[in-house]
Amino acid sequence: MKKICVVINSRANYARIKSVLSEIKKHKKLNLQIILGASTLMDRFGNVSDIIEKDGFKVNEKVYSIVEGDNPTTMAKSTGLAIIELSNIFENTKPDMVLTVADRFETLATAVAASYMNIPLVHTQGGEVTGSIDESVRHAITRLANIHFPATIKSKKNLIKMGEEKKYIFLTGCPSIDLAHKVTKEKKSINASKILNKYKGVGNQFKKNEKFIIVVQHPVTTEYSKTKHQITELIAAIKSLKIKTIWLWPNIDAGNDIISKKLRIFRENNNPKYIQFFKNFEPEDFLKLLISSKCIVGNSSVAIRECSFLGVSAVNIGSRQRGREFGKNVIHTTHNSKSIQIAIKKQIIKNKLKSEKIFGDGKAGKRIANILSKINVISTQKKLSYK
């Protein structure tokens with residue numbers, strides 16, 4: 001059996017690859033190995049490892065490599081430590097292929113370790129265009145990867161323009177859409193208040209059938225010095241509107257401590273009864289909450305990807321998703337409290353939006369597993385093929 005090693009470093013990573021894990025796990029010709037690292041192992045980010053194991057996946061190895069300090073320097077050091085640890089694990093587990101997801105800084109460590117050890121590297125979501133350091137990381141991984149699973153037609157074309165060999169590029173769609181497709185079938189039975197009560201966030205519990213918005217604001221590494229201003233403006237907008245809000249904690253990127261501190265100060269000083277704060281949700285539960293919401297606000301790619309498929313209104317703030325393909329569900333705005341307020345008001349009054357299949361049709365996981373079972377990389381030595 002072909003051993004496929006998947007490295008997962010964040011809650012978003014897991015949501016983006018869960019359907020692929022399921023398909024690999026049940027495939028007769030594939031043997032799944034899972035390595036967890038970074039924020040998946042940290043309680044302040046919701047301890048995603050517990051969710052993964054609860055879903056029935058066996059975790060083969062864990063990598064503790066995050067350097068505390070919350071700044072660009074510690075991000076760089078964490079990447080270096082992850083390369084060291086992953087190299088040891090790959091040496092011991094000897095995978096036939098390593099699959100890595102998207103554009104996290106920890107993902108770059110996976111790509112470097114696998115490439116130098118001559119292990120064929122598989123990459124999902126390459127060829128996309130966004131903002132922040134994620135843009136550079138994604139394209140760097142593309143250059144190291146041997147097999148590509150882009151999510152969109154445009155992304156596939158971008159990979160070809162970048163000089164990647166066509167025979168190793170497979171348009172599969174994004175695996176996260178697989179989960180979104182699954183959840184839409186359960187739409188009529190979704191009980192948002194029951195889901196929220198299950199996770200016991202900080203703040204007043206929501207009442208049954210109460211309307212709400214969701215806020216997810218992550219730091220932008222390349223705008224580290226502006227983080228305080230950006231979160232201050234968003235808080236001011238939500239405070240002014242006083243709409244029932246589910247607010248998720250930011251990811252582990254440099255600047256998360258700044259955002260977290262501002263949220264704690266705001267919570268302590270204002271005791272906003274209209275906001276409930278959460279660390280994390282299981283992927284399917286989060287999608288169910290999105291379906292039940294009036295709008296999602298912030299700079300998470302879920303607003304662009306899954307919400308376009310689900311038909312959920314979104315307000316995208318700032319540069320983090322700049323350049324990414326998007327649907328009719330999205331309004332873009334700047335880090336200005338008044339502009340954010342106007343955008344939210346406009347989005348929450350929209351009627352039901354139509355589903356758009358920009359990032360896939362819900363069958364990516366099965367496609368990826370089947371391709372991995374059949375394909376062989378003769379040599380990890382790459383040659384760019386500009387034509």
Side-chain angles (χ1 to χ4, degrees), residues 10-12 38-40 42-48 66 68-72 74-75 132 192 195-197 199-206 210 212-281 285-286 289-290 293-303 314-321 333-341 343-344 348:
S10 70
R11 64 194 183 200
S39 63
T40 63
M42 302 172 74
D43 182 66
R44 64 190 175 103
F45 294 100
N47 213 338
V48 184
I66 296 300
E68 289 292 340
D70 182 47
N71 59 56
T74 58
M75 282 182 70
S132 189
I195 293 172
L196 291 169
N197 292 339
Y199 289 90
K200 304 184 186 302
V202 176
N204 291 347
Q205 290 189 349
F206 279 42
E210 195 167 19
F212 60 88
I213 65 172
I214 295 175
V215 177
V216 187
Q217 178 76 6
H218 299 305
V220 181
T221 308
T222 49
E223 299 173 3
Y224 178 76
S225 62
K226 301 177 182 178
T227 304
K228 185 175 181 180
H229 166 74
Q230 292 172 354
I231 189 60
T232 298
E233 289 295 303
L234 177 54
I235 289 173
I238 300 301
K239 181 180 179 181
S240 177
L241 291 171
K242 289 183 171 57
I243 299 171
K244 283 291 184 179
T245 302
I246 297 168
W247 200 313
L248 268 75
W249 234 236
N251 68 18
I252 200 171
D253 288 350
N256 78 80
D257 278 354
I258 296 172
I259 293 177
S260 298
K261 183 178 180 180
K262 291 294 292 184
L263 289 176
R264 289 190 184 96
I265 292 172
F266 168 65
R267 189 180 67 202
E268 292 301 317
N269 291 343
N270 295 272
N271 188 25
K273 296 181 179 180
Y274 50 92
I275 301 178
Q276 195 170 6
F277 297 91
F278 292 87
K279 290 181 180 179
N280 195 21
F281 295 106
D285 281 346
F286 184 47
L289 290 173
L290 284 169
S293 73
K294 297 293 290 182
C295 177
I296 180 171
V297 180
N299 61 7
S300 170
S301 63
V302 71
V315 174
N316 179 63
I317 305 172
S319 66
R320 191 169 183 265
Q321 303 301 332
T333 188
T334 61
H335 292 282
N336 174 276
S337 61
K338 289 186 178 180
S339 298
I340 295 170
Q341 288 178 55
I344 293 173
I348 62 176

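Both backbone and side-chain heavy atoms feed into the values below; hydrogens, waters and symmetry mates do not. In this chain, numbering begins with 1 at the start of the sequence shown.
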So, the side chain of [X] versus the backbone of [Y]: is there a donor-acceptor pair under 3.5 Å, distance only?
| X | Y | answer |
| --- | --- | --- |
| Gln341 | Ala237 | no |
| Arg11 | Lys279 | yes |
| Asn316 | Asn299 | no |
| Ser260 | Asp257 | no |
| Asn270 | Pro272 | no |
| Lys244 | Lys273 | yes |

If you compare all heavy atoms of [X] against all heavy atoms of [Y], which two are closest, and at what distance to 0.1 Å?
| X | Y | result |
| --- | --- | --- |
| Pro250 | Ile259 | CG-CG2, 3.8 Å |
| Pro219 | Asn251 | CD-OD1, 3.5 Å |
| Val315 | Cys295 | CG2-SG, 3.9 Å |
| Ala236 | Ser337 | CB-CB, 3.9 Å |
| Thr227 | Gly255 | CG2-O, 3.7 Å |
| Ser132 | Thr221 | OG-N, 3.5 Å |

Carefully, step by step, assess Leu289 and Asp285 under the rule side chain to side chain contact (heavy atoms under 4.5 Å, CB included).
-> CA-CA 6 Å; Leu289 290 173; Asp285 281 346; 5.5 Å; no
CA sep, side-chain torsions, deciding dist, call: Met75, Asp253, side chain to side chain contact (heavy atoms under 4.5 Å, CB included) | CA-CA 7 Å; Met75 282 182 70; Asp253 288 350; 4.1 Å; yes
Is any side-chain heavy atom of Tyr224 less than 4.5 Å from a side-chain heavy atom of Ile258?
-> yes
Do Asp70 and Lys261 have side-chain heavy atoms sitting under 4.5 Å apart?
->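 No, side chains not in contact.
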With sequence neighbours excluded, residues passing ring-ring contact (aromatic ring centres under 6.0 Å, His included) with Tyr199 =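 Testing Tyr199 for ring-ring contact (aromatic ring centres under 6.0 Å, His included), a comparison that skips the adjacent residues, returns Phe281.
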Phe45: what forms a ring-ring contact (aromatic ring centres under 6.0 Å, His included) with it, not counting sequence neighbours?
-> none
Distance from [X] atom [atom1] to [Y] atom [atom2], nearest 0.5 Å?
| X | Y | atom1 | atom2 | answer |
| --- | --- | --- | --- | --- |
| Thr334 | Ile340 | OG1 | CD1 | 7.0 Å |
| Ile195 | Ile246 | CD1 | CD1 | 9.0 Å |
| Thr40 | Asn280 | OG1 | CG | 10.5 Å |
| Asn71 | Asn256 | CG | CG | 10.5 Å |
| Lys200 | Gln276 | NZ | CD | 10.5 Å |
| Thr333 | Glu233 | OG1 | CD | 10.5 Å |

Report the residue from Arg320, His335, Gln230 that forms a side chain to side chain donor-acceptor pair (under 3.5 Å) with Glu223.
-> Gln230
When you measure from the centre of the six-membered ring of Phe266, is the NZ or CZ of Lys239 under 6.0 Å away and within 45° of the axis?
->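 No cation-pi geometry.
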Trace of the side chain to side chain contact (heavy atoms under 4.5 Å, CB included) decision for Gln217 with Ile238 | CA-CA 12 Å; Gln217 178 76 6; Ile238 300 301; over 6 Å; no
Test side-chain contact (heavy atoms from CB on, under 4.5 Å) applied to Trp247 and Val216, Ile235, Ile214, Val297, the passing residue = Ile235
Atom NZ of Lys242: over 12 foreign heavy atoms under 6.0 Å =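 Buried by this count: over 12 neighbours within 6.0 Å.
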